[in-house]
Amino acid sequence: MKLSALQQSYLNRRSNSFRGSAQLDSAADGSVKSPAAVFWLVLHGVCCLISLVLGFRFSRLVFFFIFSTSATNLYTAPFRGAAEIASHLDVRSTPVTGAADSVPGNMTAVVASSTSRVVVGRHGIRIRPWPHPDPVEVMKAHQILERVQREQRALFGVKNPRTVIAVTPTYARTFQKLHLTGVMHSLMLVPYDLVWIVVEAGGVTNETASIIAKSGLRTIHVGFRQTMPNSWEGRHKLESRMRLHALGIVREQKLDGVVMFADDSNMHSMELFDEIQNVKWIGAVSVGILLHSTDSSATIQREGEEESTPMPVQGPACNATNKLVGWHTFNSLRYAGRSAVYIDDRAPVLPRKLEWSGFVLNSRLVWKDVDDKPEWVKDLDELDGAGEEVESPLSLLKTTSMVEPLGNCGRQVLLWWLRVEARSDSKFPAQSYWLIICGNSI
């Protein structure tokens with residue numbers, strides 16, 4: 001009796017378990033077919049794909065750091081010392097026996113070995129030998145660059161450029177070749193037609209003629225009867241008269257173009273030569289003043305002033321509407337008693353109130369018998385006959401309101417003024433070599 005009761009209860013439990021499992025299966029089938037279940041299933045699949053892609057990229061990065069070679073892996077490559085780096089460089093040079101043999105063809109530049117490896121970031125860089133083994137390919141590359149620059153100037157540059165007339169007063173001295181070579185190379189880079197008028201104090205010398213002859217420019221080299229004085233004040237006055245003499249040459253030969261005053265010790269930006277093409281009659285640009293002193297005890301700052309004093313600038317001052325309202329001039333009061341008087345002085349050389357190099361003008365302003373010449377311009381003969389000192393080209397004008405501010409209305413400094421000279425009693429070297437020792441005179 002008890003055995004039959006146990007069998008009956010066992011059968012009842014099994015039937016109940018089968019009915020429960022059937023209900024779960026039917027519920028599961030219903031949930032799969034519902035829209036919510038389909039949405040979550042799709043979302044799950046998208047997340048799996050994203051994880052697969054990200055995991056694959058991360059696995060590539062890990063594989064790169066572990067199995068990459070030292071040529072491309074920055075972190076596994078050991079640091080090399082200077083001796084090891086230098087061992088990859090093969091330096092070959094040919095000695096020069098004489099001045100006649102000192103040509104570029106007899107010189108071999110430093111050639112890097114093809115086995116050397118340089119790593120920047122995660123990538124290796126191949127060092128190619130220099131100079132290029134095929135000079136023909138080098139010339140083709142230069143010709144392509146020149147053609148591209150020419151096309152860019154034709155599209156975006158000045159459409160009808162005028163001739164640039166550069167006026168440079170100079171005299172034979174120790175640092176003449178140093179200064180004159182610098183301004184000569186600046187003028188050689190000008191992409192416009194250029195005439196270089198060089199006025200030399202004390203007459204024409206062979207030293208100056210040999211320097212400017214190497215430029216290949218159209219030059220007018222004339223002498224000035226007076227010699228350059230030893231004082232800076234006298235030099236400024238004589239240079240003004242030399243510039244007026246050059247303007248007389250422009251008038252006599254009727255040179256047509258834009259006249260600029262390129263002093264031999266100034267530094268010029270190439271943007272200056274593009275900017276002066278925009279002048280109609282007379283324009284002004286900003287000039288950065290670089291003061292120099294060879295005396296360590298001569299400080300150019302007073303007590304209590306900040307060390308980071310901005311560079312003095314001469315040039316036009318404009319208002320919010322880009323109209324000329326005045327001039328930025330050099331304040332020489334803070335250098336009272338500490339500026340150079342003679343060339344031998346080891347003190348800062350101060351500029352004039354307004355330097356000639358900060359002005360450019362149309363050459364027709366100094367011509368005679370020009371129909372379209374403005375009425376507010378003085379005749380050049382009036383200044384020569386009056387005998388008064390001409391401090392700047394503003395003396396050529398009856399009113400200064402007609403000056404055109406250039407260089408974003410004077411906000412851009414396009415050239416820099418600097419005066420550095422040796423002792424006045426130092427001799428002009430017979431050759432183009434100097435031995436300059438800091439703190440000593442030549």
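Bear in mind the structure is a predicted one, so any value in this text is a computation, not a measurement. Worth knowing before you read on, the calculation uses all heavy atoms, side chains too, and leaves out hydrogens, waters and symmetry mates.
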Exercise for review: Test Val250 against Ile197 for side chain to side chain contact (heavy atoms under 4.5 Å, CB included), laying out the working first.
Suggested key: CA-CA 9 Å; Val250 174; Ile197 302 178; 3.7 Å; yes
Practice item. For the pair Gln176 and Thr208, evaluate side chain to side chain donor-acceptor pair (under 3.5 Å) and give the outcome as yes or no after the intermediate values. Key: CA-CA 8 Å; Gln176 184 194 29; Thr208 305; 2.7 Å; yes
Check your understanding: Going through the distances and angles, do Val258 and Val279 end up as a side chain to side chain contact (heavy atoms under 4.5 Å, CB included)?
Key -> CA-CA 8 Å; Val258 181; Val279 68; 3.9 Å; yes
Exercise for review: Could you please spell out the steps behind the side chain to side chain contact (heavy atoms under 4.5 Å, CB included) verdict for Asn362 and Ile282?
Suggested key: CA-CA 6 Å; Asn362 192 332; Ile282 182 170; over 6 Å; no
Point to revise | Chi angles and distances behind the side chain to side chain contact (heavy atoms under 4.5 Å, CB included) call for Trp417, Ser265 | key: CA-CA 7 Å; Trp417 182 93; Ser265 58; over 6 Å; no
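Between Phe261 and Pro169 there is no side-chain heavy-atom pair separated by less than 4.5 Å. A heavy-atom distance below 4.5 Å is found between the side chains of Leu396 and Leu361. Side-chain atoms of Val183 and His268, non-hydrogen and from C-beta on, do get closer than 4.5 Å to each other. For the pair Val287/Val313, no side-chain contact is recorded, criterion being any heavy-atom separation below 4.5 Å from C-beta on. Between Leu272 and Met260 there is a side-chain heavy-atom pair separated by less than 4.5 Å. Between Met267 and Leu290, the closest side-chain pair of non-hydrogen atoms falls below 4.5 Å. The shortest distance between side-chain heavy atoms of His221 and Val204 falls below 4.5 Å. Put simply, the side chain of Val164 does not reach to within 4.5 Å of the side chain of Val259, judged on heavy atoms.
Side-chain contact of Gln314 with Thr329: a donor-acceptor pair under 3.5 Å is absent, judged by distance alone. Of the N and O atoms on the side chains of Trp196 and Thr168, at least one donor lies less than 3.5 Å from an acceptor on the other residue. Side chains of Ser286 and Gln412: a donor-acceptor N/O pair is absent below 3.5 angstrom, by distance only.
Here the closest heavy-atom approach between residue Ser363 and residue Asp256 is recorded as OG-CA, 3.3 Å. When all heavy atoms are compared, the tightest approach of Arg218 to Leu255 is NH2-CD2, 3.9 Å. Taking each heavy atom of His328 and Ala317 in turn, the nearest pair found is NE2-CB, 3.5 Å. Across Ser186 and Met270, no two heavy atoms sit closer than the pair O-CE, 3.5 Å. Nearest heavy atoms, Pro229 versus Gly234: CG-C, 3.3 Å. Considering every non-hydrogen atom in both Val403 and Ala284, the closest pair reads CG1-CB, 3.8 Å.
Between the Ser215 side chain and the Ile212 main chain, a donor and an acceptor come within less than 3.5 Å of each other. Lys254 places no side-chain N or O within donor-acceptor distance of the main-chain N or O of Trp367, the cut-off being under 3.5 Å. Looking only at distances, a side-chain donor or acceptor of Glu200 sits under 3.5 Å from a matching main-chain atom of Thr205. Using modelled atom types, no side-chain atom of Ser395 and backbone atom of Val390 make a donor-acceptor pair closer than 3.5 Å. No donor-acceptor pair under 3.5 Å is formed between the side chain of Glu391 and the backbone N or O of Leu354. Between the Glu275 side chain and the Gly407 main chain, a donor and an acceptor come within less than 3.5 Å of each other. Lys159 places a side-chain N or O within 3.5 Å of a backbone atom of Ala154 that can act as its donor or acceptor partner.
Taken from CG in Asn266 to CG in Leu415, the straight-line distance is 6.0 Å, to the nearest 0.5 Å. Atom-to-atom distance recorded for Lys368:NZ and Lys373:NZ is 9.0 Å, nearest 0.5 angstrom. Taking CG of Asn319 as the start and SG of Cys409 as the end, the distance is 7.5 Å to the nearest 0.5 Å. Atom CD1 of Ile289 is separated from atom CG of Leu418 by 9.5 Å, given to the nearest 0.5 angstrom. Atom CG in Leu394 sits 10.0 Å away from atom NZ in Lys353 (nearest 0.5 Å). To the nearest 0.5 Å, atom CD of residue Glu355 and atom CD of residue Glu239 are 8.5 Å apart.
Comment: Asp369 does not engage Arg251 in a salt bridge, judged by the lack of any side-chain N to carboxylate O separation of less than 4.0 angstrom.
The aromatic rings of Trp376 and Trp281 sit perpendicular to each other, their planes meeting at more than 60°, with 30° as the lower class boundary. Using cut-offs of 30° and 60° on the angle between ring planes, the pair His245 and Phe224 is perpendicular.
Sorted by first and then second residue, the salt bridge (Lys or Arg N to Asp or Glu O under 4.0 Å) pairs with a member in residues 262-271 read Arg173-Asp264, Arg243-Asp263, Asp263-Arg419; sequence neighbours excluded.
Other residues, nucleotides and ligands contribute at most 12 non-hydrogen atoms within 6.0 Å of the OH atom of Tyr342.
For Phe359 and Trp327, the ring centers sit closer than 6.0 Å to each other.
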